[in-house]
Each structure stands twice: as C-alpha cells, then as structure tokens.
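In what follows, a structure is listed as structure tokens, so that the remarks can point back to it.
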Amino acid sequence: MHRICFVCLGNICRSPTAAGVMNHLIDHAGLNVQFIIDSAGTSAYHQGEPPDVRSRTAAASRGITLTGSSRQFQVEDFHRFDHIIAMDTKNLENLHRMARDEADHARISLMRDHDPNSPPGAEVPDPYYGGTDGFETVLDICEAACRGLLARLQAEPRATTTG
Ligand code: 4NP
C-alpha cells in the first residue's frame with residue numbers, strides 16, 4: 001500500500017489537482033487498491049472549502065474530477081502517509097519545520113522532483129491570483145510528476161512471501 005498526501009498552501013488549487021490527477025492515473029492502471037491518496041494545505045485559509053472552481057473546470061475538461069474539502073496539514077499526517085509531497089519550496093520548508101524526526105523528514109519530497117524531465121528544485125507555480133492558463137499549467141505539471149511518481153513506485157521491489 002502506498003499512502004500519499006500532496007501539500008500546497010491553500011489546499012484548493014494545486015494539491016487537490018495533484019490528488020485528482022494521481023487518482024485518475026491509478027484508476028486507469030487498475031491500481032486503486034494499492035493506493036491511498038489525499039491532500040492538505042500548510043495554511044487553514046480555505047478550511048472546509050471545495051477545490052477552486054477554476055481548478056475543477058480545468059480538470060473536468062481532461063476527464064478528471066477533483067474532490068474533497070480543504071484541510072490543514074497536521075503533524076499526525078506524518079504517521080498517516082508514506083509520501084508527503086510539497087508543491088513548492090515554501091511549503092516544502094514548512095513541512096520540514098513540522099517534521100519531528102528523521103523518519104518524518106524522509107517522507108517529504110518536492111512534487112516536480114518526481115518528474116524525470118524537470119530540473120531539480122522546480123516548483124508547481126501558484127495559479128490562485130492568475131488567469132486560466134495557470135490552471136492548465138498546473139495540470140500539465142501534475143500529470144508529468146504523477147506519471148514519474150507512479151512509475152517509480154511500481155518499479156519498487158515489493159515484500160514477497162516465499163516458502
Ligand atoms: P493552492 O493555491 O495553494 O494551490 O491551493 C492558493 C490558494 C489560496 C491562496 C494562495 C494559494 N490564498 O492566498 O488564499
């Protein structure tokens with residue numbers, strides 16, 4: 001089982017998009033039973049709100065449904081997820097600040113670092129104050145990163161029972 005939590009600032013644009021894209025990919029691959037996907041924000045600015053309508057509209061045009069309501073990332077989430085994936089450097093730093101030990105730190109990564117074609121340290125740009133193009137860009141970036149993440153997780157050696 002792979003437990004993944006995508007994290008941005010508001011949990012209404014980028015991280016729900018990442019979760020929607022990942023769910024879409026694992027659905028198509030028939031891998032749902034192997035994954036738990038969630039998202040959260042480092043802020044509580046939009047607590048309880050659904051994903052931004054601009055994110056939902058852009059995703060829907062690609063056949064992707066965004067679900068859930070905004071919640072703030074909690075320190076307990078370090079126990080609930082194996083992979084905690086930040087959309088940008090600021091959120092990455094905030095997550096590392098919340099981490100309590102090496103095991104917590106080791107779970108945290110940057111979204112675009114999962115895309116083999118992305119330069120190290122690249123960010124998912126915040127689309128909130130921009131136009132519709134920004135939401136399409138977020139989807140493109142999330143698709144590339146989620147494909148890379150899924151390929152890597154599928155290539156991981158699994159615990160097997162022999163006997
Ligand atoms: P997100 O986008 O972090 O991708 O959900 C934002 C949503 C809201 C705000 C900033 C970014 N805000 O400042 O309210």
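Atoms considered below: every heavy atom in the structure, side chains included; atoms not considered: hydrogens, waters and symmetry mates. Quick caveat, the model's predicted, so the values are computed rather than measured. Each ligand, and each atom within it, is numbered from 1 in the order the structure gives.
For ligand 1 and Y129, the ligand atoms under 4.0 Å from any heavy atom of the residue are 12 (N), 13 (O). Proximity to L9 (heavy-atom distance under 4.0 Å) selects the following atoms of ligand 1: 3 (O), 10 (C).
The shortest N/O to N/O separation between P127 and ligand 1 does not fall below 3.5 Å. Considering backbone and side-chain atoms together, R14 places an N or O closer than 3.5 Å to an N or O of ligand 1. Checking only distances, N11 does come within under 3.5 Å of ligand 1, N or O to N or O. Taking only nitrogen or oxygen atoms, main chain and side chain alike, C8 does not reach within less than 3.5 Å of ligand 1.
With F6, Y128, F135 as candidates, the residue nearest to atom 12 (N) of ligand 1 on a non-hydrogen basis is Y128. In the candidate list C13, S15, S70, G10, G10 is nearest to atom 3 (O) of ligand 1, counting heavy atoms.
No hydrogens or angles considered: nothing links the side chains of S109 and H83 as a donor-acceptor pair under 3.5 Å. Residues Q72 and S43 bring no donor and acceptor atom of their side chains to less than 3.5 Å of each other. With 3.5 Å as the limit, one finds a donor-acceptor pair spanning the side chains of D88 and N91.
Of the residues listed (T67, T17, N11), the one engaging S39 in a side chain to side chain donor-acceptor pair (under 3.5 Å) is N11, and it is the only one.
The backbone and the side chain of I12 each have at least one atom closer than 4.0 Å to an atom of ligand 1 (non-hydrogen atoms only). If you look at V138 next to ligand 1, there are no close heavy atoms at all, none under 4.0 Å. Here H46 has side-chain heavy atoms under 4.0 Å from ligand 1, and that is the only part of it that gets that close.
In this structure, R54 forms a cation-pi arrangement with Y128, its terminal cationic atom sitting closer than 6.0 Å to the ring centre and no more than 45° off the ring axis.
C5 SG to D38 CG: the interatomic distance, rounded to the nearest 0.5 Å, is 5.0 Å.
By the 4.0 Å N-to-carboxylate-O rule, R62 lies close enough to E143 to be salt-bridged with it.
Aromatic ring orientation, H105 versus H96: parallel (interplanar angle below 30°, classes split at 30° and 60°).
If you check which protein heavy atom lies closest to atom 11 (C) of ligand 1, you get D126 OD2, 3.1 Å.
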